[in-house]
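Okay, so here's the structure we're looking at.
Lettering follows sequence order; numbering is per chain, from 1.
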Number of protein chains: 2
Amino acid sequence: MSSIEHSPLARKLSAFAVLSEDELAVLTRLHQRRKTFAAGTDLVHQGQPRQAAYILASGWACSYKIQPEGSRQIVDFQIPGDFLGLRSVLLRTSDHSIEPVVKIEAVEVIASDLLGALADTPRLAAAILWAASRDEAMVVEHLVGLGRRDADARMAHFLLELGARLAFVGLGSKEGYACPLTQYHLADALGLTAVHVNRVLRQLRERELVTFREGYVKFGDIDRLMELADFDPAYLDQTGPLLK
Amino acid sequence: MSSIEHSPLARKLSAFAVLSEDELAVLTRLHQRRKTFAAGTDLVHQGQPRQAAYILASGWACSYKIQPEGSRQIVDFQIPGDFLGLRSVLLRTSDHSIEPVVKIEAVEVIASDLLGALADTPRLAAAILWAASRDEAMVVEHLVGLGRRDADARMAHFLLELGARLAFVGLGSKEGYACPLTQYHLADALGLTAVHVNRVLRQLRERELVTFREGYVKFGDIDRLMELADFDPAYLDQTGPLLK
DNA sequence: CGCGAATTTGATAGCTATCAAAAGGAGTGG
DNA sequence: CCACTCCTTTTGATAGCTATCAAATTCGCG
């Protein structure tokens with residue numbers, strides 16, 4: 001039984017502010033109802049009201065929107081310690097769906113508990129809002145990539161960001177990281193087709209910049225990769241070494 | 001001197017929850033220091049720490065990110081009643097800049113005041129977080145447009161969204177609205193070049209769907225336009241008629 | 001009236017989608 | 001344990017959308 005202060009969320013929030021006993025206790029109270037979801041079974045549903053939020057304990061998920069004509073755009077991926085569906089808690093109808101990429105464990109967070117925690121523990125409130133701001137900053141950087149980067153730079157940037165985020169919660173290093181995504185996931189996230197994703201990955205591999213293979217991302221030349229991607233991690237608001 | 005309950009912000013928040021005297025008083029307290037900014041003089045600066053947030057009282061602004069190589073991507077436009085720079089308040093260094101499109105009036109909001117208001121008035125807190133969630137939903141929809149819509153649909157969707165937002169605060173109707181943007185603004189927002197923006201606008205005008213001219217957007221056939229754009233305004237979380 | 005900004009139009013190049021199809025891999029049932 | 005199927009990865013050929021380069025015209029403003 002792991003204690004709360006070693007949960008991925010507590011670890012992430014600690015980078016913003018050291019949490020007291022009381023604040024950790026509130027976090028624990030939020031961590032009741034742990035549930036398991038199989039890959040592909042949505043836990044938040046676009047267009048439906050009163051959706052709950054979750055904290056992802058293990059596995060990967062993605063938030064996405066489906067267009068009326070059928071295509072889908074992945075907005076972001078979530079890794080352990082991330083919130084799921086926070087934005088849809090206050091909206092009358094959820095604007096997006098969330099789907100586990102692999103089997104996940106997540107704890108449900110009730111809207112009233114969350115608002116209560118915000119009102120009762122100012123420092124924890126600030127830490128949670130910081131995490132939410134950081135998530136939004138990642139969405140914004142993703143938007144910039146779709147608007148202003150070509151396919152190569154977009155892919156490079158994406159793989160670097162995931163590396164930095166994973167390293168931040170102890171799941172990756174500057175060597176690389178385990179990554180359960182398919183090339184279809186990458187395509188849906190990067191606004192490309194799976195066919196083109198495959199060509200881009202081949203090219204990055206042949207240039208010995210990164211290798212995406214068998215569920216693992218391995219960095220070849222991370223400095224040249226960062227240059228190709230114009231990767232400036234300031235928006236992640238992580239202090240200390242970016243990838244270690 | 002207009003009273004607080006008719007400010008664009010109060011009007012917007014009222015769509016989420018009717019605010020009490022006390023809550024309006026807190027809003028008023030946030031509305032001290034009113035400042036004027038000339039078009040083009042940034043009020044939030046990408047890469048700088050401890051940026052303030054503002055509430056836009058009049059005029060239009062835009063939030064954007066500059067890439068290392070120089071290109072810029074506009075993330076969103078802000079109209080009266082919108083927050084400016086909320087996301088950068090808790091981040092150690094702001095991830096974006098904000099620039100007035102025309103001369104604006106804005107009131108500065110101190111981080112501590114804001115967090116205090118969140119702790120003291122739960123209903124107002126929920127309303128403010130609702131507005132922030134709605135802003136984020138707009139960024140997400142913008143991201144979807146960049147990833148999955150072609151230039152025509154992107155433009156159509158953008159013009160429709162602005163119309164719905166402006167109508168929501170009483171600044172537009174289903175006929176059209178005053179719009180101070182240049183074609184360069186549109187290009188920077190939509191991930192296109194100004195040249196292509198011009199071609200797209202011409203085509204939409206020739207098809208008699210919308211006219212963008214002399215600072216005014218005039219809808220020709222709003223139903224066909226919504227169809228072209230696949231415009232589903234659910235993400236705006238506005239009840240009642242969308243454009244009236 | 002003059003000048004810079006914004007709009008407009010044409011020609012060409014380049015990036016990515018689309019269409020097709022083959023090959024490799026994982027899981028299932030016989 | 002093998003045949004079979006579905007999913008994922010891979011590669012080739014062609015089409016289409018949007019960028020880029022160039023330049024003329026109009027507009028706003030001092």
Side-chain angles (χ1 to χ4, degrees), chain A residues 38-40 60 62 67 69-74 99-103 145-159 179-206 210-218 228, chain B residues 38-40 60 62 67 69-74 99 101-103 145-158 178-206 210-218 228-229:
Chain A
W60 290 41
C62 68
Q67 297 293 104
E69 20 87 38
S71 65
R72 109 169 164 167
Q73 175 67 48
I74 290 178
E99 168 188 298
V101 170
V102 293
K103 189 174 115 179
L146 290 172
R148 291 298 172 206
R149 279 191 272 269
D150 65 20
D152 294 356
R154 214 133 94 203
M155 178 69 74
H157 195 283
F158 175 80
L159 295 176
C179 174
L181 305 179
T182 67
Q183 294 183 8
Y184 281 94
H185 285 120
L186 294 178
D188 283 350
L190 300 179
L192 302 169
T193 59
V195 170
H196 199 60
V197 162
N198 185 270
R199 292 189 224 279
V200 169
L201 288 175
R202 167 158 59 122
Q203 194 237 80
L204 291 176
R205 191 190 326 127
E206 285 170 356
V210 237
T211 305
F212 180 96
R213 225 183 212 333
E214 292 160 3
Y216 199 85
V217 173
K218 184 173 188 207
L228 169 67
Chain B
W60 290 41
C62 68
Q67 297 293 103
E69 20 86 38
S71 66
R72 111 168 164 167
Q73 174 67 48
I74 291 178
E99 169 186 298
V101 170
V102 293
K103 189 174 117 180
L146 290 171
R148 293 294 171 210
R149 279 193 271 269
D150 65 20
D152 294 356
R154 214 134 95 203
M155 178 68 75
H157 195 282
F158 175 81
C179 173
L181 305 179
T182 67
Q183 295 183 8
Y184 283 95
H185 285 121
L186 294 178
D188 283 351
L190 300 179
L192 303 169
T193 59
V195 170
H196 199 60
V197 162
N198 185 271
R199 292 190 223 278
V200 169
L201 288 174
R202 166 159 56 123
Q203 194 239 78
L204 291 176
R205 191 189 327 127
E206 286 171 356
V210 236
T211 306
F212 179 95
R213 227 182 213 330
E214 292 160 3
Y216 198 85
V217 172
K218 183 172 187 202
L228 169 67

Discussion item. Show the nearest heavy-atom pair for residues B/Leu181 and B/Phe212, with the distance to one decimal.
Written reply: O-CZ, 3.3 Å
Worksheet item: Is any side-chain heavy atom of B/Leu204 closer than 4.5 Å to a side-chain heavy atom of B/Leu228?
Response: yes
Discussion item. For the CD1 atom of A/Ile74 and the CZ atom of B/Arg148, what is their distance to the nearest 0.5 Å?
Written reply: 9.0 Å
Worksheet, complete the sentence: Given protein heavy atoms under 4.0 Å, the one-letter contact record of nucleotides 3-21 of chain C, with B base, S sugar-phosphate only and - none, is simply ----BBBBB----SSBB--
Discussion item. If I take atom CG from residue A/Leu190 and atom CD from residue A/Gln73, how far apart are they, to the nearest 0.5 angstrom?
Written reply: 8.5 Å
Worksheet item: Mind checking whether A/Arg154 and A/His157 have side chains closer than 4.5 Å, heavy atoms only?
Response: no
